[in-house]
Chemist: 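To start, I am sharing the structure in question, which I have written as structure tokens.
Quick note on labels: first sequence line is chain A, next is B, and so on, each numbered from 1. What's counted below: heavy atoms across the whole structure, side chains too, no hydrogens, waters or symmetry copies. Predicted model only: the values in this text are computed from it and were never measured.
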Amino acid sequence: EAGVTQFPSHSVIEKGQTVTLRCDPISGHDNLYWYRRVMGKEIKFLLHFVKESKQDESGMPNNRFLAERTGGTYSTLKVQPAELEDSGVYFCASRPRGGETQYFGPGTRLLVL
Amino acid sequence: AQSVTQLGSHVSVSEGALVLLRCNYSSSVPPYLFWYVQYPNQGLQLLLKYTSAATLVKGINGFEAEFKKSETSFHLTKPSAHMSDAAEYFCAVTRGAAGNKLTFGGGTRVLVKP
């Protein structure tokens, strides 16, 4: 069974540009989460989808971040326009309905110059 | 609100020595607790979890952790470190039932000396 995949693995962009991160959860997992680790800090929750619906988006830092999960399969996280403080590693995780464990992808390393 | 504190951002151990990584949590409701490991250039991998069953939890690669409610702790141990244990370890807590967001500690990077 394939794990959680994320694309791209790395992205380097300039301040003001737009970047879109993609996450493909484990097949059949209803729950999808986004987390972020800014350098030197702890991993922090961004938002949680149940199928295509946003269950909890309390961790989204501001309206420059837009997450979608059309059709309840893969998800995208768009940052527009990117700022220097958006640099970090963005993790995606998925969890099956009724399960206890979140399974993480390898992360996307974003550097905003 | 929940929080997790991992004592020591870096730990150095000799190969064959005990590995002890400390995690203390705060939670207003019975928690679920997790330890994840991140090897270089990889994602987070679940080591073990506590979900209100046995307080001593055994995980992969010889690791175990004990939930101590009175001490609000969930320390991770391994009797004998191996070079392959060099990684970053994260303790995380979630509130009660599954499905809630994880709150992570700051992580502890383990260096294993030959």
Chemist: Checking side chain to side chain contact (heavy atoms under 4.5 Å, CB included) for the pair A/T101/B/Y32: CA distance, chi angles, key distance, verdict?
Modeler: CA-CA 10 Å; A/T101 301; B/Y32 283 10; over 6 Å; no
Chemist: Do the side chains of A/M39 and A/I43 join up, straight or via other hydrophobic residues, at under 4.5 Å, putting them in one cluster?
Modeler: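 Cluster IDs for A/M39 and A/I43 differ.
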Chemist: Does any heavy atom of chain A fall under 4.5 Å from the side chain of B/Q6, the backbone, both, or neither of them?
Modeler: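 Neither; nothing under 4.5 Å.
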Chemist: Say you draw a straight line from CZ of A/F45 to OG1 of B/T103; how long is it, rounded to the nearest 0.5 Å?
Modeler: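 Answer rounded to 0.5 Å: 9.5 Å.
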Chemist: Compare every heavy atom of B/F34 with every heavy atom of A/E100, then report the nearest pair and how far apart it is.
Modeler: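 Residues A/E100 and B/F34, closest heavy atoms: O-CZ, 3.4 Å.
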Chemist: Is the backbone N or O of A/F104 less than 3.5 Å from a side-chain atom of B/Q45, with the two atoms forming a donor-acceptor pair by type?
Modeler: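 No.
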Chemist: Tell me whether A/E57 is salt-bridged to B/K101, with the criterion being a basic N under 4.0 Å from an acidic carboxylate O.
Modeler: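 Between B/K101 and A/E57 there is no salt bridge, as every charged N stays at least 4.0 Å from the carboxylate O atoms.
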Chemist: Answer with side chain, backbone, both or neither: which region of B/L46 has an atom nearer than 4.5 Å to a non-hydrogen atom of chain A?
Modeler: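 Side chain of B/L46 only, per the 4.5 Å heavy-atom cut-off to chain A.
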Chemist: For B/Y36 and A/Q102, work out which heavy atoms get closest and say how close.
Modeler: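 Reported closest heavy-atom pair: OH-O, 2.7 Å.
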Chemist: Among the options B/T51, B/V4, B/N41, pick out the one with the most heavy-atom pairs lying under 4.5 Å from chain A.
Modeler: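 The option with the most such pairs is B/T51.
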Chemist: Taking side chain as everything from C-beta outward and backbone as N, CA, C, O, which of these in A/S9 sits under 4.5 Å from a heavy atom of chain B? Side chain, backbone, both or neither.
Modeler: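 Neither part.
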Chemist: Quick one: list whatever passes salt bridge (charged side-chain N to carboxylate O under 4.0 Å, His left out) with B/E64, sequence neighbours left out.
Modeler: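 Counting only residues at least two positions away or on another chain, B/E64 forms a salt bridge (charged side-chain N to carboxylate O under 4.0 Å, His left out) with B/K58.
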Chemist: If you round to the nearest 0.5 Å, how far is CG of B/N100 from OH of A/Y33?
Modeler: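 Nearest 0.5 Å value for the OH-CG distance: 7.5 Å.
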Chemist: Is the NZ atom of A/K15 crowded by more than 12 outside heavy atoms at less than 6.0 Å?
Modeler: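 It does not: A/K15 NZ has 12 such atoms or fewer within range.
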Chemist: Say whether, by atom type as modelled, one donor and one acceptor occur between the side chain of A/Y35 and the main chain of B/L102 under 3.5 angstrom.
Modeler: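 Answer holds: yes.
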Chemist: If hydrophobic clusters are built by linking Ile, Leu, Val, Met, Phe, Trp and Tyr wherever their side-chain heavy atoms come under 4.5 Å apart, do A/L111 and A/L84 end up in the same one?
Modeler: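 Per the 4.5 Å side-chain linkage, A/L111 and A/L84 are not co-clustered.
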Chemist: Nearest 0.5 Å, please: how far is CZ in A/R37 from CZ in B/F90?
Modeler: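 Between B/F90 CZ and A/R37 CZ, I get 4.0 Å after rounding to 0.5 Å.
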Chemist: Let me check something: do B/F104 and A/V89 share a hydrophobic cluster, defined by ILVMFWY side-chain heavy atoms less than 4.5 Å apart, either directly or through other members?
Modeler: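 B/F104 clusters together with A/V89.
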Chemist: Which residues pass the side chain to side chain contact (heavy atoms under 4.5 Å, CB included) test with A/R64, not counting sequence neighbours?
Modeler: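 A/R64: side chain to side chain contact (heavy atoms under 4.5 Å, CB included) contacts with A/N62, A/V79, A/P81, A/E83, A/E85, A/D86.
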Chemist: Do B/Y89 and B/Y25 sit in one hydrophobic cluster, given that two such residues count as connected whenever their side-chain heavy atoms are within less than 4.5 Å of each other, even indirectly?
Modeler: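 Both belong to a single hydrophobic cluster.
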Chemist: Between B/S9, B/G43, B/G107, B/A92, who has the most heavy-atom pairs with chain A when the cutoff is under 4.5 Å?
Modeler: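 Of the candidates given, the most pairs with chain A belong to B/G43.
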Chemist: Mind checking the SG-CD spacing from B/C91 to A/E42? Nearest 0.5 Å is all I need.
Modeler: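 Taking SG in B/C91 and CD in A/E42, the distance rounds to 12.5 Å.
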Chemist: Closest approach of A/R109 and B/Q38, non-hydrogen atoms and distance?
Modeler: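 Minimum heavy-atom separation between A/R109 and B/Q38: NH2-NE2, 3.8 Å.
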Chemist: Do the side chains of B/L47 and B/V11 join up, straight or via other hydrophobic residues, at under 4.5 Å, putting them in one cluster?
Modeler: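 In one cluster: yes.
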